[in-house]
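Worksheet for the structure shown next.
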Amino acid sequence: MRLSNSLHNVVATWVFVNPLVVHAAQSFAGSNLYYAAGLYPADRTTLLDGLQSAGMKVLRVWLDGQSDSQKGTNINPFPDLEPSQICNGVTSCYNDTVLERLDDFMIDANAHGIKFSTMHSFNALQAGDVYGQEYGTGYFYEQDAPQEAFDKRLQHVMNHVHTTLGQPWKELNDYIFAFEAENEAMIGKGQQYIVDHQYWQCDRAATIKAELNGNTGILVTTGGESWLDESVQPDWLTCASLDVIAIHAYGTGDYTTSTIETYVSRAQAAGKKLFMEEWGACYFSTSNNDCPTGSALSTSTRNSNIQTWASQITAAGLPWLYWQVIPNADPHFGSDYEIGIGDASWSTLQAAAEAASNANAAFDFSEWLL
């Protein structure tokens, strides 16, 4: 555990402590699950029991529809929030099935000490959802009309009245950790495109902040990019509407403590929070950030990778969400970072998450956690 930002002399032994960590600011861990809304009750319970056993505090979920089983998980299919057309704020046009599924899920999650983070995804845009069909992956970020329509989608989500609690999502501080506009916005366009269109994230964050209307109990975050440097854009550090800059990274150089600390210092100087919203350890013997298929790593090697990389991220003062914990045995499909509850690497990830929750962080998230 981190001790403080000072230099200690204990029994004549000098111990150097990372000056970037915040004394008594507790770190945390969590997970992602893009098809969470499709889980049947038994799998939901398995997942939440597992996450709770590891001390995980946040589950990041998607609002994009799914029609088939995913990662070996048998799911109850559900449509996109806007399944057939851009709704542009017309309430009756939206299909709220995914929101209603997550209404139930977040109550169970809360009982397990877990909050949600939720968003749209570039993956859906690229795959041809209603925005992708109309505007593609360029005009969507460049033209006023899609941005205005997408802002209305964000407003619809935040004003969705929980079917049991009777309150809009924008007031559910005990259930929702953060809102983000889009997972990995612009990721397929290259880093220079992201640099040139940084305003998109800040503009969407401003919409979310305005809808929160002074409620500071739910954070506003970006949705990460491909790697560390791409995820931390300078204009986002100065955007008043963004509370958190999310990092996505799969290249192992981005897991090095000293590398991460450079960005921690920049965020602290700007008054922003950082966290590692996505990272993972590839099941295959390929490069970690290029994990389509291949021969399996030995369990001991993969477990060593998980333990080493998680401890390095934690040592840099960053909370983290793993990509991704699933409720069933991992079938080891392509791009395999998944760890199933009870899999050979599950106990290693559990231990890493527990270590994170017992470590000090560079940023204080305590008021947003259960």
Side-chain angles (χ1 to χ4, degrees), residues 31-48 51 59-88 90-109 116-137 140 146 149-150 152-154 156-157 160 162-163 169 180-185 187-188 223-224 278 280 283 291-293 321 323-341:
S31 183
N32 295 266
L33 193 64
Y34 67 85
Y35 54 89
L39 293 188
Y40 285 103
D43 282 335
R44 180 196 302 176
T45 298
T46 297
L47 179 71
L48 290 174
L51 299 182
L59 178 63
R60 184 167 171 254
V61 302
W62 274 239
L63 302 181
D64 309 320
Q66 298 293 338
S67 58
D68 301 308
S69 295
Q70 301 289 319
K71 302 293 183 178
T73 311
N74 184 30
I75 68 167
N76 185 4
F78 57 98
D80 287 337
L81 180 62
E82 295 172 275
S84 58
Q85 66 185 82
I86 296 172
C87 292
N88 212 20
V90 178
T91 302
S92 60
C93 171
Y94 297 95
N95 187 317
D96 285 345
T97 299
V98 63
L99 304 180
E100 292 166 359
R101 296 272 189 90
L102 293 174
D103 282 344
D104 292 337
F105 202 148
M106 71 173 67
I107 289 178
D108 286 350
F116 275 2
S117 178
T118 184
M119 87 318 278
H120 177 254
S121 176
F122 178 85
N123 307 73
L125 182 73
Q126 190 175 47
D129 71 356
V130 291
Y131 292 96
Q133 292 173 34
E134 183 73 19
Y135 296 106
T137 61
F140 177 74
F150 192 73
K152 291 175 182 177
R153 172 195 172 99
L154 294 173
H156 178 83
V157 170
H160 168 71
H162 193 287
T163 50
W169 276 20
E180 64 185 70
E182 187 174 63
N183 172 61
E184 297 178 345
I187 189 175
E278 282 190 25
Y283 174 78
C291 186
T293 188
L321 309 185
W323 183 275
Q324 57 182 344
V325 178
I326 60 177
N328 48 277
D330 180 13
H332 305 304
F333 297 155
S335 299
D336 184 15
Y337 301 93
E338 281 69 33
I339 296 176
I341 303 291

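Here the closest heavy-atom approach between residue T73 and residue Y35 is recorded as OG1-OH, 2.8 Å. In this structure, C291 and Y283 approach most closely via the heavy-atom pair SG-N, 4.1 Å. Counting all heavy atoms, side chain and backbone alike, P331 lies closest to I326 at CD-CD1, 4.4 Å.
Between the T293 side chain and the G334 main chain, no donor and acceptor come within less than 3.5 Å of each other.
With values rounded to the nearest 0.5 angstrom, W169 atom CH2 is found 6.0 Å from D103 atom CG. To the nearest 0.5 angstrom, R44 atom CZ is 10.0 Å from N76 atom CG. Rounded to the nearest 0.5 angstrom, L63 CG and L99 CG are separated by 6.0 Å. Note that the NE2 atom of H120 and the CD atom of E184 stand 13.0 Å from one another [nearest 0.5 Å]. Atom CG of D96 and atom OG1 of T91 lie 8.5 Å apart (nearest 0.5 Å). A distance of 10.0 Å separates CG of L39 from CG of N74, quoted to the nearest 0.5 Å.
Within the 4.5 Å cutoff, no side-chain heavy atoms of I339 are placed close to those of Q324. For the pair Y337 and E278, the minimum side-chain heavy-atom distance is 4.5 Å or more. Counting heavy atoms from C-beta on, the side chains of H162 and E100 never come closer than 4.5 Å. Counting heavy atoms from C-beta on, the side chains of Y34 and D64 never come closer than 4.5 Å.
Partner W62 forms a side chain to side chain contact (heavy atoms under 4.5 Å, CB included) with one of T118, N32, V98, L102 and no other, that one being N32.
Classification of the F150-Y131 ring pair by plane angle, with boundaries at 30° and 60°, yields perpendicular.
Among residues at least two apart or in separate chains, salt bridge (Lys or Arg N to Asp or Glu O under 4.0 Å) pairs with a member in residues 69-86 are K71-E338, E82-R153.
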